[in-house]
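As structure tokens, the structure follows; a few thoughts come after it.
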Amino acid sequence: MSDFDVVVNGGLWFDGTGSAPLRRNLGIRDGVVVRASTRPLSIGPDTEVIDAAGKWVLPGFVDVHTHYDAEVLVSPGLPESVRHGVTTVVLGNCSLSTVYSTPRECADLFSRVEAVPHDSVLGILEENKIWQSPAEYVEALESLPLGPNVAGFIGHSDIRTHVLGLGRGTDKRIEPTVRELEKMGAMLTDAVDAGFLGLSSMTNALDKIDGDEYRSRSLPSTYARWKEFRFLNRILRERGKILQSAPTINLHPNIAGFFAESSGFGRRKPLKTSLLSAADSKAYPPIVYFMLAAAPLLNRFAKTDFKWQHLPVPFTVYADGIDLVVFEEFGAGAAALHLKDQVERNALLQDESYRRRFRKDYDNKFSPRIWHRNFYDAEIVGCPDETLIGKTFGAVGDLRGVHPVDAYLDLVVKYGADLRWRTTIANHRPKFAKRLAASSGVQMGFGDAGAHLRNMAFYNYPIRLLKKVKDAQSDRKPFLTVERAVHRLTGELADWYGIDAGHLREGDRADLVVVDPAGLDATVDGLFEAEVPEYGGLRRMVNRSDGAAVATVIDGRLVYRDGEFTGGFGVTRTGRFLRAGESAADRSGRETIVG
């Protein structure tokens with residue numbers, strides 16, 4: 001028998017099933033966990049040894065909601081996730097994928113919604129998009145030196161744009177013909193055949209298109225009627241695949257339609273449905289009770305297979321000036337974001353009639369919203385006038401004797417993007433955050449890794465959840481066991497999405513993270529900035545809590561340890577495209593045939 005490639009010694013081993021942890025030594029060979037032993041394992045001259053004494057050895061985390069679709073093409077290691085123990089990421093969320101549409105269409109669809117530089121995304125896709133089909137897209141991804149494993153949804157807006165064009169696809173008067181609908185169905189079927197998880201969609205109209213020609217129209221999937229949704233859902237249901245989407249946030253909510261589509265009454269199969277998002281919202285505090293009750297009741301009595309996605313940490317967002325997606329939800333905010341030219345935008349922000357409109361939108365307590373619209377709960381964290389740092393816009397308004405909106409707009413006009421501020425819009429009450437994290441109707445996700453680069457950083461949300469669990473146990477007020485929390489972040493997700501990930505038993509893929517529980521301290525909540533060369537040097541918010549996740553192994557290879565990436569990371573492929581429903585044995589057989 002050959003020596004082990006990697007040995008992880010003396011750690012408390014969690015296998016990702018929710019079972020109680022055991023003290024074990026793990027032996028890894030050829031990318032697979034081949035031994036979990038109480039006895040010392042043989043170590044050869046080339047064996048990589050990881051000392052895990054006093055630490056937790058967990059399956060690599062599964063991040064089911066990312067927007068790395070452009071970034072993965074030019075930085076396939078995806079280090080900001082891997083450094084925190086994420087070994088599998090899911091692309092193609094929120095109706096946005098880069099499979100069928102042209103590079104310019106993809107950039108227009110993706111950039112404003114996800115707050116990434118349009119020109120950079122366009123350049124990346126123009127240089128790297130060589131595929132014309134889902135199967136070719138998978139081949140292209142697997143030709144890259146991927147760090148983590150990748151799974152993906154096909155985007156409804158991507159399909160709709162390819163079939164109807166971006167103009168017709170964002171025209172509410174247009175309904176697809178039977179032939180066009182059938183073409184969309186064939187494209188979805190091709191994606192499912194290529195191993196995609198299913199279809200991602202979006203019905204919330206506040207997500208807007210970038211570019212020039214159709215700027216500020218909502219994403220194409222928001223124009224689809226239920227006839228179109230039902231047609232595509234039928235394919236997903238028949239193939240046992242997933243719908244990922246978000247309901248409307250307006251005076252005509254469509255959440256009941258999603259519930260009905262997910263149900264399996266009669267002989268109909270339930271449709272696996274994952275929606276954004278379960279949150280304890282500051283805008284609507286009582287809605288958390290609906291979030292907690294709806295999915296468990298529906299899954300039990302209505303034969304649905306329905307989950308909310310949930311970010312298990314406070315949803316704190318940052319903004320430079322007025323560049324924040326929550327302003328898209330009301331007319332005055334969207335009007336400002338529509339203007340790309342700074343001179344034009346400033347002229348608008350100084351116009352008194354515009355300000356009256358903004359104040360009216362701000363003060364309207366009955367309009368649907370994500371942001372609670374309270375400038376007394378919006379703190380300035382960066383400004384050329386340092387006397388303002390630490391104050392809220394409401395407090396500045398009080399000092400100046402003006403409405404909070406006018407105080408805010410005055411500062412935006414004067415300082416532009418040099419005015420940096422933050423607010424927490426959800427998940428601010430620990431009691432309800434814990435209940436959501438423990439709910440059977442909720443799945444861990446919605447970190448938006450790779451998007452909103454200047455607005456938020458939740459790359460390490462799995463680590464932050466483990467800190468909350470550990471702290472609660474120390475306070476003798478537990479809401480989850482550690483093994484249950486690990487299961488929620490790993491095996492539970494992998495099993496529901498049908499991908500070969502999230503477990504760390506003998507015979508499983510050797511994707512793991514070593515966590516030092518002593519490092520689960522206040523540093524995991526820290527925020528930093530790092531330059532992104534691929535996005536023109538933009539500085540994005542990141543997490544750098546290197547004392548918690550101390551080692552990451554992907555496909556049996558150590559890629560990260562003690563704050564440093566190993567030499568081959570981002571050069572040698574460790575991750576792969578995970579096809580939905582494909583087991584390790586299936587993959588081995590397919591690779592043998594291909595080889």
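Please read these numbers as outputs of a predicted model, since none were measured by experiment.
- Checked against a 6.0 Å centroid threshold, the rings of Phe432 and Tyr289 count as neighbours.
- The shortest distance between side-chain heavy atoms of Arg104 and His118 falls below 4.5 Å.
- Between the side chain of Thr66 and the backbone N or O of Val90 there is at least one donor-acceptor pair closer than 3.5 Å.
- Using a 3.5 Å distance cut-off with no hydrogens or angles, the side chains of Ser545 and Asn543 do not pair a donor with an acceptor.
- When all heavy atoms are compared, the tightest approach of Asn346 to Val412 is OD1-O, 4.4 Å.
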**Request:** List the steps, then state whether ring-ring contact (aromatic ring centres under 6.0 Å, His included) holds for Phe446 with Tyr461.
**Result:** CA-CA 10 Å; Phe446 197 35; Tyr461 73 81; 9.9 Å; no

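- No donor-acceptor pair closer than 3.5 Å links the side chain of Lys227 to the backbone N or O of Glu175.
- In the model, Gln443 has a side-chain atom that pairs as donor or acceptor with a side-chain atom of Ser274 under 3.5 Å.
- Using a 4.5 Å heavy-atom cutoff, the side chains of Leu164 and Pro176 are in contact.
- Not less than 6.0 angstrom separates the ring centroid of Tyr318 from the ring centroid of Trp421.
- Aromatic pair Phe306/Phe258: ring centres not closer than 6.0 Å.
- The main-chain N or O of Thr177 is found under 3.5 Å from a side-chain atom of Glu180 such that the two form a donor-acceptor pair.
- A distance-only check finds no donor-acceptor pair linking the side chain of Lys307 to the backbone of Thr273 [under 3.5 Å].
- At distances below 3.5 Å, not a single donor-acceptor pair connects side-chain atoms of Asn149 with backbone N or O atoms of Gly575.
- In this structure, the side chains of Cys94 and His65 come closer than 4.5 Å at one or more pairs of heavy atoms.
- Judged purely by distance below 3.5 Å, without hydrogens or angles, the side chains of Ser101 and His162 never pair a donor atom with an acceptor atom.
- Separation of atoms CZ (Arg217) and OG1 (Thr222) is listed at 11.0 Å; rounding is to 0.5 Å.
- No side-chain N or O of Ser133 forms a donor-acceptor pair with one of Tyr100 less than 3.5 Å apart.
- Side-chain N or O atoms of Asn460 include none that pairs as donor or acceptor with a backbone N or O of His84 at under 3.5 Å.
- Between Leu206 and Val325 the shortest side-chain heavy-atom distance falls below 4.5 Å.
- Between the side chains of Tyr376 and Asp398, at least one donor N or O sits under 3.5 Å from an acceptor N or O.
- Side-chain polar atoms of Thr523 and Arg544 form no donor-acceptor pair below 3.5 angstrom.
- In summary, Glu228 and Arg160 engage in a salt bridge, as defined by a charged side-chain N under 4.0 Å from a carboxylate O.
- Residues Tyr137 and Thr98 form a side-chain contact, since some pair of their non-hydrogen atoms from C-beta on lies under 4.5 Å apart.
- For Arg112 and Glu328, the salt-bridge test passes: some basic side-chain N is under 4.0 Å from an acidic carboxylate O.
- By the neighbour-count criterion of 12 heavy atoms within 6.0 Å, atom NZ of Lys414 is sparsely surrounded, having that number or fewer from other residues, nucleotides or ligands.
- Not a single donor-acceptor pair under 3.5 Å links the side chain of Asp406 to the backbone N or O of Val402.
- Looking only at distances, no side-chain donor or acceptor of Ser245 sits under 3.5 Å from a matching main-chain atom of Leu275.
- When atom types are taken as modelled, the side chain of Tyr354 and the backbone of Ala332 share a donor-acceptor pair closer than 3.5 angstrom.
- In terms of heavy atoms, Pro314 sits closest to Thr424 at CB-CG2, 4.3 Å.
- Between Arg355 and Leu409 there is a side-chain heavy-atom pair separated by less than 4.5 Å.
- With Ser75 contributing its side chain and Val72 its backbone, the two residues share no donor-acceptor pair below 3.5 Å.
- Here Phe196 and Phe153 keep their ring centres 6.0 angstrom or further from each other.
- Aromatic rings from Tyr362 and His403 are positioned such that their centres are separated by under 6.0 Å.
- Inter-residue side-chain proximity for Arg373 and Ser367 is flagged as met; some heavy-atom pair is nearer than 4.5 Å.
- Not counting sequence neighbours, the partners of Lys282 by the side-chain hydrogen bond (donor to acceptor under 3.5 Å, both in side chains) test are Asp377.
- For the residue pair Ser95 and Leu219, the shortest heavy atom distance occurs at OG-CD1, 3.8 Å.
- The ring of Phe229 has its center closer than 6.0 angstrom to the ring center of His156.
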